[in-house]
Amino acid sequence: MSLHIKLTFNKSRSKDFATVLKHCRYFDHFWETPGHKLEIVSLEELYQKWESFNLVYYYTRKWAGTSFSYNGTEYRKNDMFYTIQDLKRCYKEYREDHNDRQEFCDTFEWGCSRLKSVSKEINHSFGPFWYDYGYFVDENRWRVDKDRIREVLMDEAKKTCAVDCPLFNEGLMNYCLFNIPDEIFIDGVKWKKTYKQEWKDGQMINVAIGIVHDMEQMYSREDEPEFETYYPGDLEIPENLNSNEADEIIKNWEKRNR
């Protein structure tokens, strides 16, 4: 998607009008008559002249008759400005801290920091998760609706302006989608069904509507270090001690057992 920002405003009696004109003239596409219209069609120009754009927007948004549009859609509130600002901040971090390395984007779940509406990692606390999108093929199989997930992510990419970022890679997002399962077998242990209650034939019944991953299966107690591994023998730490008191007991025990 090509970037197109358009900001139009009328002549104003504001003491800041001359300052606004000065900064508008820094841009390649600015017309002073009739009216005043600033257009930006390059992300590079926007970022290079961000301070000027920030100033122009800040002052003109308060003036009667001002309009601001992004890629053909007009916005009356500041939401889109802050969205563009967040995108710029992310791109700046990539440029300054990661030396143009693609690995910066790869660290995020779907290859982009802006894509957060669907969680790819099932050990996160918050969803919706990728497996929430799908349908039952039969009694024990759940088909993941990857097309729907793609729609949700691309809709978010457009709303957050991620599609306008030079680094946005839809192919990388699709690769991440490719690597999640197409189907899930509901074994009742690792994967379980979720239900809702419906009234049918004079009685309340449970109807399967989705699946859930058993989070306890993500944590293997075999990996949990046992207390005795480190402090066997006669060491006992009462539960009512604070951390400093407990540390002192451990230090004394270690001295005795060296």
Side-chain angles (χ1 to χ4, degrees), residues 1 3 43 70-71 79-80 82-196 207-224:
M1 182 182 293
L3 173 71
L43 197 66
Y70 185 90
N71 290 341
D79 295 352
M80 180 51 64
Y82 294 133
T83 298
I84 299 171
Q85 182 174 257
D86 287 342
L87 178 63
K88 181 251 184 187
R89 185 182 298 114
C90 183
Y91 186 67
K92 180 181 179 182
E93 181 180 350
Y94 160 83
R95 296 281 295 181
E96 293 182 352
D97 298 340
H98 296 270
N99 300 317
D100 297 346
R101 294 180 298 171
Q102 183 61 42
E103 285 84 352
F104 175 73
C105 301
D106 291 344
T107 59
F108 300 100
E109 289 188 333
W110 302 104
C112 177
S113 67
R114 316 294 290 165
L115 303 182
K116 302 176 182 178
S117 58
V118 181
S119 181
K120 181 169 171 281
E121 301 297 333
I122 57 178
N123 58 341
H124 285 182
S125 300
F126 302 101
F129 300 97
W130 55 269
Y131 58 77
D132 288 322
Y133 298 88
Y135 50 90
F136 289 102
V137 177
D138 55 36
E139 190 69 18
N140 295 311
R141 286 190 301 149
W142 175 264
R143 181 76 179 180
V144 178
D145 192 347
K146 294 187 178 181
D147 289 336
R148 179 56 185 151
I149 297 173
R150 185 179 294 105
E151 290 176 1
V152 172
L153 292 174
M154 283 304 300
D155 183 59
E156 182 179 29
K158 293 173 183 178
K159 289 180 179 179
T160 61
C161 303
V163 291
D164 296 319
C165 177
L167 307 176
F168 182 74
N169 187 343
E170 187 176 351
L172 178 57
M173 182 195 75
N174 288 330
Y175 177 77
C176 294
L177 271 171
F178 176 80
N179 282 286
I180 63 176
D182 294 321
E183 284 188 356
I184 295 173
F185 177 72
I186 306 147
D187 58 6
V189 180
K190 184 177 179 180
W191 294 99
K192 299 178 181 179
K193 295 180 183 179
T194 59
Y195 299 87
K196 71 174 181 179
V207 179
I209 59 172
I211 63 173
V212 64
H213 187 271
D214 189 346
M215 298 302 292
E216 290 185 359
Q217 298 299 319
M218 292 295 298
Y219 182 74
S220 173
R221 294 195 177 274
E222 294 179 356
D223 298 330
E224 181 180 5

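Looking only at distances, a side-chain donor or acceptor of Lys193 sits under 3.5 Å from a matching main-chain atom of Glu139. For the pair Asp132 (side chain) and Phe129 (backbone), a donor-acceptor distance under 3.5 Å is present. Judged purely by atom type and a 3.5 angstrom limit, Trp110 has no side-chain atom pairing as donor or acceptor with the backbone of Met173.
Using a cutoff of 4.0 Å between basic side-chain nitrogens and carboxylate oxygens, Lys159 and Glu156 are not scored as salt-bridged. Ion pairing between a basic and an acidic side chain is recognised when a charged N comes within 4.0 Å of a carboxylate O; Glu170 and Arg150 show no such pairing.
For the pair Tyr70/Cys161, a side-chain contact is recorded, criterion being any heavy-atom separation below 4.5 Å from C-beta on. Between Ile149 and Val144, the closest side-chain pair of non-hydrogen atoms falls below 4.5 Å. By the 4.5 Å heavy-atom criterion applied to side chains, Asn169 and Cys105 are not counted as neighbours. Side-chain contact check for Trp130 versus Leu177: every heavy-atom pair is 4.5 Å or farther apart. Counting heavy atoms from C-beta on, the side chains of Lys190 and Asp214 never come closer than 4.5 Å. At a threshold of 4.5 Å between non-hydrogen side-chain atoms, the residues Ile186 and Trp142 count as touching. Asp86 has its side chain within reach of Arg114: a pair of non-hydrogen atoms, C-beta onward, lies under 4.5 Å apart. Contact annotation: the side chain of Asp147 never approaches that of Tyr133 to less than 4.5 Å [non-hydrogen atoms, C-beta and beyond].
Rounding to the nearest 0.5 Å gives a distance of 11.0 Å between CZ of Arg89 and OH of Tyr82. Lys116 NZ to Leu153 CG: the interatomic distance, rounded to the nearest 0.5 Å, is 13.5 Å. The line from CD of Gln85 to CG of Leu87 is 11.0 Å long, rounded to the nearest 0.5 Å. Atom-to-atom distance recorded for Ile211:CD1 and Thr194:OG1 is 8.0 Å, nearest 0.5 angstrom. Atoms OG1 and CD1, on Thr160 and Ile84 in that order, are 11.5 Å from each other to the nearest 0.5 Å. Note: Leu167 CG to Tyr91 OH = 5.5 Å, rounded to the nearest 0.5 Å.
Scanning both residues, Gly210 and Phe136, for their nearest heavy atoms gives O-CZ, 3.6 Å. The two residues Gly111 and Cys176 have their closest heavy-atom pair at N-SG, 4.4 Å. Closest heavy-atom contact between Cys112 and Ala162: SG-CB, 3.9 Å. Asp164 and Leu43 get closest at one heavy-atom pair: O-CD2, 3.3 Å.
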From CA spacing to verdict: side chain to side chain contact (heavy atoms under 4.5 Å, CB included), Tyr131, Ile180: CA-CA 9 Å; Tyr131 58 77; Ile180 63 176; over 6 Å; no
Side chain to side chain contact (heavy atoms under 4.5 Å, CB included) assessment of Ser119 paired with Glu109: CA-CA 8 Å; Ser119 181; Glu109 289 188 333; 3.8 Å; yes
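Ring geometry, Tyr175 versus Phe178: the interplanar angle falls under 30°, so the pair is classed parallel (tilted spans 30 to 60°).
Annotation: salt bridge (charged side-chain N to carboxylate O under 4.0 Å, His left out) contacts involving residues 175-185, sequence neighbours excluded, comprise Arg141-Glu183, Arg143-Glu183, Lys146-Asp182.
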